[in-house]
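What follows is a set of notes on a single structure, which appears directly below.
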Number of protein chains: 2
Amino acid sequence: MWGIILQDGKEISLARQIFLSLKERILKGQISQGEALPSTRELAKGLGVSRNTVCEAYDMLWTEGFIVSRQGAPSRVADGLQIQSVQQSEKAQDTDKIPPAILFDFKTGQPDLSLFPWQTWNKIVSDAAGSLSARQFEYSGPKGYEPLCEEIALWLLRSRSMEVSPKDIFITSGATQALHLLVDILHKEGHVFALENPSHPGIRTVISDKGYPLHWMPVDSNGADITSLRGRNISAVYVTPSHQFPLGGILPATRRAALIRMAIEKDFYVIEDDYDSEFRYGGSPITPIYSMNSSHVIYVGTFSKTVFPALRLGFAVLPKTLQAKWRHYRNYMDVQNPILEQAALAEFLRRRKMDKHVQRMRHVYDEKRNTLLKSLEMTFGDSVYPWGDASGLHVALQFPELEFGSKFALSCKSAGIRVSLLAQYCASRNDHKDKLLLGYGHLNSMQIQEGIKVLHQVIMNGAYINSQLN
Amino acid sequence: MWGIILQDGKEISLARQIFLSLKERILKGQISQGEALPSTRELAKGLGVSRNTVCEAYDMLWTEGFIVSRQGAPSRVADGLQIQSVQQSEKAQDTDKIPPAILFDFKTGQPDLSLFPWQTWNKIVSDAAGSLSARQFEYSGPKGYEPLCEEIALWLLRSRSMEVSPKDIFITSGATQALHLLVDILHKEGHVFALENPSHPGIRTVISDKGYPLHWMPVDSNGADITSLRGRNISAVYVTPSHQFPLGGILPATRRAALIRMAIEKDFYVIEDDYDSEFRYGGSPITPIYSMNSSHVIYVGTFSKTVFPALRLGFAVLPKTLQAKWRHYRNYMDVQNPILEQAALAEFLRRRKMDKHVQRMRHVYDEKRNTLLKSLEMTFGDSVYPWGDASGLHVALQFPELEFGSKFALSCKSAGIRVSLLAQYCASRNDHKDKLLLGYGHLNSMQIQEGIKVLHQVIMNGAYINSQLN
């Protein structure tokens, strides 16, 4: 909430953490002069701390003249505090960013677009634009372009033996939108949303922004431990069973069956996010949970990784019970997707261009993964243990004798490399402190090899293995 | 795989199951004529059966003439097999609904797409697809494509003398999405959202769905009566000042100034929805409230009427104070718009194709409006009074001696005509019962003239003026 990240067990008190965080944002102009701070009650609720803690933080801000307050009115940011104007600071930020340029950016979830068949795609786009009739550019409803739904059903069958009726497929502008809609549709008062710990920060933020409570399921090398769900009132359970994000486990059939039994018995829905199972390197594709049960499982897919992110197309496979509600919410959220991308993607699938592209990229990403793993082995020997390396565009690395914190992140930045701390994906910043997350899908082998060398340097300089890098 | 579902232990052999399944899909048109079937090896692998089984199934298809095959080439679906085309089966569903077909559909907000310059647009789309670099198809952030923001700023200046910095323009997938985001961003606990009565049901639904309280401002021929806001705690005020929807009034400067003073004093935001001011037939365009004040006014625009609805592009002009929050919410709602339409629209604006199209359509819609008003006068004489006829794609009609209710709506449907009861846009179904709403933008003059005749018949048959039509 409000960009404030609290860390339990830190030596700095929670009130002071709130104070410092707000002060920094005010000075940077991220909270503008005159802007009202949330009420103490509101902020306390949002951060899950006592109201006294927030009052204490606000008192600090007031004493130092950062905020002004009048009786009965919200506290506001005082005038003339911003050191640089917004325009200036925008520029300044840009130049600030550049000196230590990020030469090796291991950010996650980025496909390699240099190998996408652009010529074919552009031809298909042109054809699609010309072949649609004027009527198809009118409003056409929140479900999506029917020929695309049909092609997606066939694609799911071809690519992962998943049988779905096109009638149950609802087009979205990506997985994020599907989750955003589902959270509103599935929320029940006093019930929790269960997430994997760790998991993608997006889903957590969507739920927290709406003020709905969370429950964290521990994750091991086999994915989510669902026993922690017992005895809880659950709105929905969000899982990544084919390739746990980011640790990479595959949820075993026994856990899947138990989860479904629980969902049926307690009448909640399982949200299955299948964000990258196309890119599995060994063996056949993992069967979705959806194939075991379609009444209590919502399957969410995306084309951001297989086609490209700015396509903004994904889909949800919805049980009949949720379809009317979905239509209503989508209609009043953003009505529908644009038609052009939908028509083009349908044609891309129909002509089997997708199959060809995914097959090619599976080899390409497999090679990149091998390069990364070899580089790691050469550089770090056996002091690093890779998790979740059997599919996808990223790998989690465990350095059993290290702990990574914000100081380490800063050192990386100065050295021109970006890697993610796995703790940022966790319920608490103290979880999984010995792990890093590296996305490699968009990098070439030189970048991967050099990047790993830089990572090694940063670790050696800062820590000399065995010590802590906080 | 390929929609084939095999059941072990069934009395029908696996080969025959494959055959029947493919046959059914071919007959339904789900596999098109001329389409290549997968190779026997591929399908056998996909279905997990022996290649002989698939060969047997293909032989059955061949024997009965469902597929043709030549040595060395894949088997293809024979021509002329499809019993019902997809279109036909859709029609069959439609006829269930239709018995009383809607021949004259006066629904609102529908532009005439038959006159859109499709050839120019398709050329621009193809050019845009080819000119974007691979990097531009990555994630590019929630603000929108910068060249489009710049072109929109220029367009606002050209079309309505509105000065805006491109930095304050945030691209959306239409006005609905802007409102959806704003309602969350602007909500304050215990404060109301103020709406015009009547107004578009969309905005009311967005607010009610979230459980936020509403306050209704009465509307007269000059738009919203803002005195009713006094003494209330307000989250935001939503207005359509250039052309009140649906009654058509223009909010006078005194009311505008008073609204802004109130907004500044009580620190709330005014949401200005400028949904159709391009289509004003007499005099110069109405200046937006935004031009009087940019710190407390959020200007929302859309290209659904000027270009086409399935483009899914609109924008919001945001005060600096709201931009960080907007970025956050948009990021976790659906991340960003697709890039292709943004690039194409930027080019459509840059080449002044928009100016030309809007100018042309202003004349076209003006003529349609004249046809409608003349038809009304000829048919109803002075027993009908048109509201809001100076701009836009719709007109509200007052029949001072009548009251319209659900029985009337049913009679219209049976007679093959759709008009809206204005009461459906109101806080209560008892408000504005003497008014109807007719959209005419998408209809030709014959449809308009005949439609008004049918409307007249329905009214005469059901009510004989002076009585009630509930």
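Chain letters run A, B, ... following the sequence lines, proteins first and then strands; every chain starts at 1. What you see is a predicted model; the values in this text were computed from it and never measured.
- Under the 4.5 Å side-chain criterion, counting only non-hydrogen atoms from C-beta, B/Thr176 is not in contact with A/Asp334.
- Note: A/Ser32 OG to B/Gln323 CD = 8.5 Å, rounded to the nearest 0.5 Å.
- Only the side chain of B/Asp267 comes within contact range of chain A, with heavy atoms under 4.5 Å apart.
- For the pair B/Glu341/A/Ile339, no side-chain contact is recorded, criterion being any heavy-atom separation below 4.5 Å from C-beta on.
- Residue B/His442 does not touch chain A at all, counting heavy-atom pairs closer than 4.5 Å.
- Here CG of B/Leu340 is found 8.5 Å from CH2 of A/Trp121. Values are rounded to the nearest 0.5 Å.
- When each of B/Asp184, B/Val335, B/Val206 is checked for heavy-atom pairs under 4.5 Å with chain A, B/Val335 comes out on top.
- With respect to the salt-bridge test (charged N to carboxylate O, under 4.0 angstrom), the residues A/Arg352 and B/Glu35 qualify.
- A 4.5 Å side-chain heavy-atom check between A/Arg41 and B/Glu189 finds at least one atom pair inside the cut-off.
- The residues A/Lys325 and B/Asp209 are annotated as not salt-bridged, no charged nitrogen and carboxylate oxygen being separated by less than 4.0 angstrom.
- Using a 4.5 Å heavy-atom cutoff, the side chains of B/Arg312 and A/Tyr139 are in contact.
- Side-chain contact between A/Trp118 and B/Phe137 is present, with at least one heavy-atom pair separated by less than 4.5 Å.
- Looking only at heavy-atom pairs under 4.5 Å with chain A, the residue among B/Ser126, B/Ala129, B/Ser114 that has the most is B/Ala129.
- With chain B as partner, the option from A/Gln136, A/Arg135, A/Arg76 having the largest number of non-hydrogen pairs under 4.5 angstrom is A/Arg76.
- Side chains of B/Pro338 and A/Ser173 form no contact here, defined as non-hydrogen atoms less than 4.5 Å apart.
- Contact check for B/His328 versus A/Thr205: side-chain heavy atoms found under the 4.5 Å cut-off.
- Remark: A/Asp112 CG to B/Glu138 CD distance equals 9.0 Å, nearest 0.5 Å.
- Interface summary for chain B: among A/Arg350, A/Gln177, A/Met333, A/His180, the most heavy-atom pairs under 4.5 angstrom belong to A/Met333.
- If you measure heavy-atom distances from A/Ser140 to chain B, you find no contacts under 4.5 Å at all.
- Taking chain B as the reference chain and counting heavy-atom pairs below 4.5 Å, the highest number among A/Gly202, A/Gly34, A/Ser133 is found for A/Gly202.
- The minimum heavy-atom distance between A/Leu113 and B/Ala134, with the atom names listed, is CD1-O, 3.4 Å.
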